[in-house]
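What follows is a set of notes on a single structure, which appears directly below.
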Amino acid sequence: MPCSCCLTTFFTCFRLSLEVFSEAVSVRLGYAAFSTPRLHVLPGWEILTRSPSRDMSDPFTPLPQAKSACGTLAHSGPPKRSATQRVADFLEIYGLYDEVAAQEQASRCVHCSKPMCVAGCPLEAHIPEWLSLTAEGHFGEAADLLQSTGSLPEICARICPSDHLCEGMCVVNGRTEPVSVRAVEQFLSEYAFSHGTVSTSVAPPNGWRVAIVGAGPGGLVCASELVKQGYAVTVFDSRPTPGGLLVYGTPAFKLERSIVRRRIEILKKQGVVFRLGIKVGKDVDLTELQSEFDCIYLSFGGKKARTLDVPGEGLNGVFQALPYIMQKNSDMPLDPHAIDVTGKRVVVLGGGDTAVDCVRTALRCGAREAFGIYRRDLASMPCSHSDYDNAIEEGVRYVFQALPLAILGNAKGDVTGLRLVRTALGKPDTTGRRPFSVQLGTEFEMETDCIFLALGFVPAPLPPSSPFHVLAPNEWGGVKVDAQLMTSCPGIFAGGDLVRGPGTALDSVRDARRAVIGIHSYLRDRKASGTASPA
């Protein structure tokens with residue numbers, strides 16, 4: 001007879017096994033009512049699936065439910081340069097998985113019946129499909145699928161706030177670290193480039209011509225998807241280098257310029273024409289574009305930075321964060337008065353991505369000390385969690401639940417400090433945001449030589465001189481569009497900040513993909529009705 005100790009151990013292990021099994025079943029049954037989502041594909045896109053020899057001729061066939069390694073394999077992020085190394089330059093801080101690490105981390109996917117990572121992705125990326133292929137070691141097929149159904153994946157994977165989106169929605173999040181979707185996507189993107197499998201093929205010319213105004217992420221995606229379908233695409237931008245905020249507003253330690261330049265070269269090989277340093281309304285009229293092109297897509301910014309509105313905001317040494325980041329990212333001077341923070345004590349106000357990018361940029365530009373100030377707590381910060389962690393590693397210090405009351409200065413009009421007050425947080429509202437209240441009697445001051453404002457953005461209505469005032473405005477003075485993103489003027493489409501107000505790069509990418517469908521449908525209907533035909 002076994003002793004009582006052995007029996008106790010046996011039944012304890014048996015009970016834990018049942019709990020694990022029950023939890024796994026509950027996760028699976030929790031999504032049992034949902035069918036596997038079909039792949040959403042733009043017109044003209046090719047769906048690349050597994051080879052027919054592996055019985056995947058139907059692109060909508062669910063992938064085999066391989067056993068997940070989530071419970072046995074720990075999360076491991078991509079290799080990262082040391083903080084000491086990376087604050088000395090603007091090179092990307094992350095490396096790539098090798099094939100073994102990529103396969104292992106992809107195998108941590110638990111194969112949800114209704115993938116929450118897809119629900120959390122603004123672009124509805126086919127995450128489970130290429131994770132499964134990667135886990136099986138079929139890197140080429142996974143990379144092909146990513147390239148054929150994604151939009152500029154090597155860029156989007158670097159700028160995506162995945163911890164708020166796909167990884168934040170991962171069902172294992174909270175129990176353990178989520179699946180490293182973003183890192184696997186970067187691995188697959190670079191795998192395609194290193195193996196020469198990035199397609200530059202396009203459909204035969206269809207005779208239609210499309211102009212795109214704005215060479216930011218939305219404009220580039222629109223150009224990429226249209227040229228694949230045989231459209232003749234010309235991109236206009238007022239700046240000397242295409243890329244928009246990908247080049248001018250995103251620090252190179254998050255997205256190196258060579259990554260964007262590589263994609264621009266591919267677009268050029270595919271036939272996209274870039275006309276740079278051109279301002280519509282000044283160098284070329286809107287009516288000229290309408291006569292030369294069959295459709296126009298407007299994809300440029302429509303936002304302005306919030307101000308602080310406290311005493312002392314006009315002192316020397318108070319700057320907006322985004323222009324500073326742009327200044328340090330540009331090879332050409334955008335402002336004759338370059339901001340120098342060398343040896344200074346820098347404070348950045350705000351908790352978003354721009355704020356974290358700014359304070360990390362200041363450190364790399366020689367700031368003696370760098371502080372971030374945020375009026376709520378760490379859990380409420382809207383920035384990427386990984387970017388915050390990286391900032392802390394690099395030496396940034398944060399003061400939470402502090403609200404600026406005044407900026408202090410000397411007789412010369414230079415900034416010398418900041419007066420703040422502590423805040424208390426209430427319960428989350430219906431949006432999940434925690435309101436705050438000022439705690440009287442908790443005022444304090446801190447010394448600083450330079451203050452950057454990263455308080456977010458508000459919509460910027462089109463100026464009276466804009467050539468686009470012929471388009472019907474929306475409620476805040478931007479451009480009004482219909483469900484297909486067409487404006488009040490037939491053939492002119494718009495998306496991104498110009499329509500929705502301040503948004504993310506992924507919002508612009510999503511709008512561009514919708515606009516491609518709208519343009520395709522509009523021109524197809526024109527051809528069918530006989531009102532116009534390709535030139």
Side-chain angles (χ1 to χ4, degrees), residues 40 75 77-78 80 92-97 102 105-106 109 115-131 134 142-143 145-147 149-170 173 177-193 216-221 224-225 243-247 249-257 259-260 262-263 325 352-357 360 381-391 495-497 500 502-514:
H40 298 283
H75 170 274
K80 183 167 62 171
E92 280 193 6
I93 72 172
Y94 288 107
L96 296 172
Y97 284 144
Q105 293 304 310
C109 177
M116 298 306 294
C117 56
V118 177
C121 176
L123 306 182
E124 297 182 323
H126 305 147
I127 298 169
E129 287 84 357
W130 46 256
L131 279 178
T134 304
L145 177 62
L146 175 63
Q147 292 287 330
T149 58
S151 298
L152 280 56
E154 77 281 8
I155 293 175
C156 289
R158 286 171 165 82
I159 62 174
C160 173
S162 57
D163 46 19
H164 289 298
L165 300 173
C166 56
E167 294 180 17
M169 294 287 284
C170 181
N173 199 13
E177 291 292 319
V179 178
S180 302
V181 176
R182 179 178 174 181
V184 174
E185 184 176 3
Q186 288 189 39
F187 163 79
L188 293 176
S189 295
E190 295 308 318
Y191 185 95
F193 279 103
L220 295 182
V221 166
S224 176
E225 303 309 334
L245 287 182
L246 296 176
V247 171
T250 305
F253 53 79
K254 293 176 66 173
L255 176 62
E256 288 187 7
R257 300 294 162 262
I259 304 296
V260 181
R262 182 176 63 184
R263 177 55 64 172
I325 295 172
D353 290 324
T354 301
V356 180
D357 290 348
R360 296 175 68 193
M381 284 187 76
C383 70
S384 167
H385 301 158
S386 59
D387 285 348
Y388 168 81
D389 292 339
N390 289 329
D497 294 352
R500 66 173 64 250
T504 67
L506 293 188
D507 290 329
S508 295
V509 170
R510 179 174 55 185
D511 284 355
R513 289 160 57 119
R514 287 178 58 197

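One-based numbering along the sequence shown. What you see below is based on every heavy atom in this structure, not just the backbone, and it leaves out hydrogens, waters and symmetry mates.
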Across all chains, not counting sequence neighbours, the side chain to side chain donor-acceptor pair (under 3.5 Å) partners of Gln147 are none
Check whether any side-chain heavy atom of Ile127 lies under 4.5 Å from a side-chain heavy atom of Cys166, and answer yes or no.
-> yes
Between Gln186 and Leu96, does a side chain to side chain contact (heavy atoms under 4.5 Å, CB included) hold up when you go through it step by step?
-> CA-CA 7 Å; Gln186 288 189 39; Leu96 296 172; 4.0 Å; yes
side-chain contact (heavy atoms from CB on, under 4.5 Å) with Arg158: of Leu152, Ile259, Leu246, Val260, only one passes, and it is Ile259
Determine yes or no for a side-chain-to-main-chain donor-acceptor pair under 3.5 angstrom, with Asp387 supplying the side chain and Asp357 the backbone.
-> no
Taking every heavy atom of Gly243 against every heavy atom of Leu220, the minimum-distance pair comes out as CA-CD1, 4.2 Å
Run the side chain to side chain contact (heavy atoms under 4.5 Å, CB included) check on Leu165 and Leu506 step by step: do they pass?
-> CA-CA 11 Å; Leu165 300 173; Leu506 293 188; 3.8 Å; yes
Do we see a donor-acceptor contact under 3.5 Å between the side chains of Ser508 and Asp511?
-> no
Mind running side chain to side chain donor-acceptor pair (under 3.5 Å) on Ser386 and Asp389 for me, showing each step along the way?
-> CA-CA 5 Å; Ser386 59; Asp389 292 339; over 6 Å; no
List in chain and number order the residues that pass salt bridge (Lys or Arg N to Asp or Glu O under 4.0 Å) with Arg182, two or more places apart in sequence or in another chain; answer none if no residue qualifies.
-> none
Could you check Ile93 against Arg360 for side chain to side chain contact (heavy atoms under 4.5 Å, CB included), going step by step and ending with a plain yes or no?
-> CA-CA 12 Å; Ile93 72 172; Arg360 296 175 68 193; 3.7 Å; yes
Minimum side-chain heavy-atom gap Arg513-Ser151 below 4.5 Å | yes
Taking the side chain as C-beta and beyond, is there a heavy-atom pair between Ser162 and Val181 under 4.5 Å?
-> no
Take Leu188 and Tyr97 through the side chain to side chain contact (heavy atoms under 4.5 Å, CB included) test and state the conclusion after the steps.
-> CA-CA 9 Å; Leu188 293 176; Tyr97 284 144; over 6 Å; no
Please name all residues satisfying ring-ring contact (aromatic ring centres under 6.0 Å, His included) with Tyr94, sequence neighbours left out, ordered by chain then number.
-> none
Do side-chain atoms of Asp497 reach the backbone of Gly503 as a donor and acceptor pair under 3.5 angstrom?
-> yes
So, Ser189 side chain and Glu185 main chain: donor-acceptor pair closer than 3.5 Å or not?
-> yes
Minimum side-chain heavy-atom gap Asn173-Glu167 below 4.5 Å = no
